[in-house]
Amino acid sequence: MELSKQHFMSRRGFCLCCIGGAALAANGWLTPGEAFAEARGIVSLIKDSAATSPIVAHKLRNNISVLEGSGGNVAVLTGPDGKVLIDAGIGVSRPQMTKALVDLSTDPITHLINTHWHFDHTDGNAWLNSAGAKIIAQENTRKYLSEVQRVEEWDYNFLPLPLGGIPSEVFASEHNLKLNGLSIDLKRYAPAHTDSDICVTFAEADIVHVADTFWNGIYPFIDYSTGGSIDGMIAASDANLAATTDKTIIIPGHGQPVSNRIELKEFRDMLVTVRDNVAALKKQGRSKAEAVAAKPTAAFDAKFGNFVIDPGFFTRLVYEGV
Ligand SMILES: [Zn+2]
């Protein structure tokens, strides 16, 4: 297990959130232990699974929907200016994604916004660009997608995306669009899950996509290799709470895709308690393995521990940052 953990801590290593997606969990596709065992072949497995997973559409309001089933949750705004997608899902889902998008409306695809660089949010960039989408992202997302990401332990090279998949419009901290009659506000978080995370707010609709700063009802991955940290995750949760009300629809990066402030608060409080528990153990001089054995997440495991980030793995991620 300790060795497996190293895989995920390697610089810009492939992240476990990449094997996220509700369809995988719902199918009981891989337990965390199996995922570790299968690490080398995981990219193929993700793609194979995404290739056959159905896409489920949830209609929200103001012509905004969320599509579930291809990597991270994908939000879609339709209208006369064309479809605006928040995240791209996984490329091999193209047939199901295409059908789900056509079922929403006949508007052409014109814009794609990436919430961060991870594979399960950007792998579909190239096909969406070829279908007409201009790609917009925080500048670090473009940087990471433009470089080879060698992951030694996995014997895997994440190649740079083809030119068409690279965001053509980037920004440092904020960017504002007006499309289909709605304001779309893009804002960078301080480093949280990565150092490329942004939230996307549809102000008039009171809907926000908070990227992978929020995993609804499941332990999150934290990507230390590109600037993430447990404290950053908590700070982003506090920022999300401050920016929303009880009426706001909150779209998490992973987990049940139509969420709210109550679930967000529960996630935030879990992060704080686990952080404090793990910090206390580390302060007592416990090793990482001893900290895991002390089960500092026990009170939350029944609810949050059933997805790909299991209690032990989440404890190790937190230990790394306290
Ligand atoms: Zn991610």
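Counting convention: from 1, in listed order, for ligands and their atoms alike.
Here Asp212 reaches the Zn ion (ligand 1): one of its N/O/S atoms is less than 2.8 Å from the metal. Taking backbone and side-chain atoms together, His254 has no N/O/S atom less than 2.8 Å away from the Zn ion (ligand 1).
Other residues, nucleotides and ligands contribute more than 12 heavy atoms inside 6.0 Å of the NZ atom of Lys282. Within a 6.0 Å sphere centred on NZ of Lys265, other residues, nucleotides and ligands contribute 12 heavy atoms or fewer.
When rounded to 10 degrees, the angle formed at the Zn ion (ligand 1) by NE2 (His116) and NE2 (His193) equals 100°.
Each of His193, Arg268, Arg275 was scored for a side-chain contact (heavy atoms from CB on, under 4.5 Å) with Met233, with one residue passing: His193.
Residue His118 approaches the Zn ion (ligand 1) most closely through its N/O/S atom ND1.
The aromatic rings of His121 and His254 stand perpendicular to each other, their planes meeting at an angle above 60°, with 30° marking the opposite boundary.
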